[in-house]
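Just below is one structure, and these are the notes that go with it.
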Amino acid sequence: QVQLVESGGGLVQAGGSLRLSCAASGRTFSSYAMGWFRQAPGKEREFVAAISWNGGRTLYTESVKGRFTISRDNAKNTVSLQMNNVKPEDTAVYYCAARRGVATTTGYDSWGQGTQVIVSS
């Protein structure tokens, strides 16, 4: 497994931008597909975005398409989530996750501790 640490969360006004980062430990980061998930108060954790090991494939949940961008830097062992035009409904704890194999919406077995994002209206 890989150890993951998120950063970059905070308070942002609706319509603003925020960039989340996830630092991974280990020498095999480039062999993992990476994902971002979020959990709002009182709700189940949900998939947000995923990226393949080489960045060639990305997936997004419908509600963030055109606003969020996932990217990775295998040389730095990091994955990022650029959040633009944020909305109050984006408020949640955001988690970074990793899995072997293809980028999908499920099947992740390594998780970070989460970073809080609060969007004010």
Side-chain angles (χ1 to χ4, degrees):
Q1 289 189 338
V2 62
Q3 282 71 52
L4 305 171
V5 179
E6 303 95 334
S7 61
L11 176 64
V12 60
Q13 286 190 332
S17 297
L18 204 61
R19 187 176 181 87
L20 305 184
S21 294
C22 174
S25 64
R27 296 176 293 176
T28 59
F29 175 74
S30 61
S31 66
Y32 287 86
M34 301 298 296
W36 284 96
F37 291 74
R38 66 187 179 186
Q39 187 168 19
K43 295 187 176 182
E44 297 285 323
R45 187 162 56 188
E46 65 171 354
F47 168 80
V48 176
I51 189 167
S52 61
W53 69 274
N54 64 351
R57 180 177 184 238
T58 56
L59 301 172
Y60 298 94
T61 192
E62 194 64 34
S63 63
V64 308
K65 284 182 179 178
R67 300 189 298 121
F68 291 10
T69 302
I70 188 171
S71 61
R72 67 187 296 161
D73 185 338
N74 286 344
K76 296 181 178 179
N77 281 16
T78 59
V79 61
S80 299
L81 184 69
Q82 178 66 41
M83 305 167 61
N84 296 331
N85 190 24
V86 295
K87 303 176 180 181
E89 51 264 42
D90 295 321
T91 294
V93 177
Y94 283 72
Y95 297 90
C96 175
R99 59 161 288 161
R100 295 279 192 182
V102 300
T104 68
T105 62
T106 61
Y108 292 79
D109 54 12
S110 295
W111 295 85
Q113 83 289 348
T115 187
Q116 177 75 59
V117 172
I118 299 173
V119 181
S120 63
S121 57

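For Glu89, there are no salt bridge (charged side-chain N to carboxylate O under 4.0 Å, His left out) partners, not counting sequence neighbours. Partners of Trp111 under the ring pair (Phe, Tyr, Trp, His ring centres under 6.0 Å) rule, at least two apart in sequence or in another chain, are Phe37. Listed by chain and residue number, Asp90 satisfy the salt bridge (charged side-chain N to carboxylate O under 4.0 Å, His left out) test with Arg67 (two or more places apart in sequence, or in another chain). Evaluation of the salt bridge (charged side-chain N to carboxylate O under 4.0 Å, His left out) rule for Glu62 yields Lys65 as partners, not counting sequence neighbours. Contacts of Ser31 classified as side-chain hydrogen bond (donor to acceptor under 3.5 Å, both in side chains), with partners at least two apart in sequence or in another chain: Arg100. Considering only residues two or more places apart in sequence or on other chains, Gln82 meets the side-chain hydrogen bond (donor to acceptor under 3.5 Å, both in side chains) condition with Arg19, Asn84.
A donor-acceptor pair under 3.5 Å is absent between the side-chain atoms of Tyr60 and the main chain of Gly66, judged by distance alone.
Remark: of the listed residues Val64, Leu20, Thr115, Val117, Val64 is the sole one forming a side chain to side chain contact (heavy atoms under 4.5 Å, CB included) with Arg38.
For the atom pair OG1 (Thr61) and CZ (Phe68), the distance works out to 10.0 Å, reported to the nearest 0.5 Å. In this structure, CG in Leu4 is found 6.0 Å from OG in Ser110, a value given to the nearest 0.5 Å. Atom CG of Asp73 sits about 8.0 Å away from atom CZ of Phe29, to the nearest 0.5 Å. Between the OH atom of Tyr94 and the CD atom of Glu6 there is a distance of 12.5 Å, given to the nearest 0.5 Å.
No side-chain heavy atom of Val2 sits less than 4.5 Å from a side-chain heavy atom of Thr28.
Nearest heavy-atom pair, Ser30 versus Trp53, reported as atom, atom and distance to 0.1 Å: O-CB, 3.0 Å. Closest approach of Arg99 and Asp109 over heavy atoms only: CA-OD1, 4.1 Å. Scanning both residues, Ala40 and Thr91, for their nearest heavy atoms gives CB-O, 3.6 Å.
Atom CD of Gln13 has 12 or fewer heavy atoms from other residues, nucleotides or ligands within 6.0 Å.
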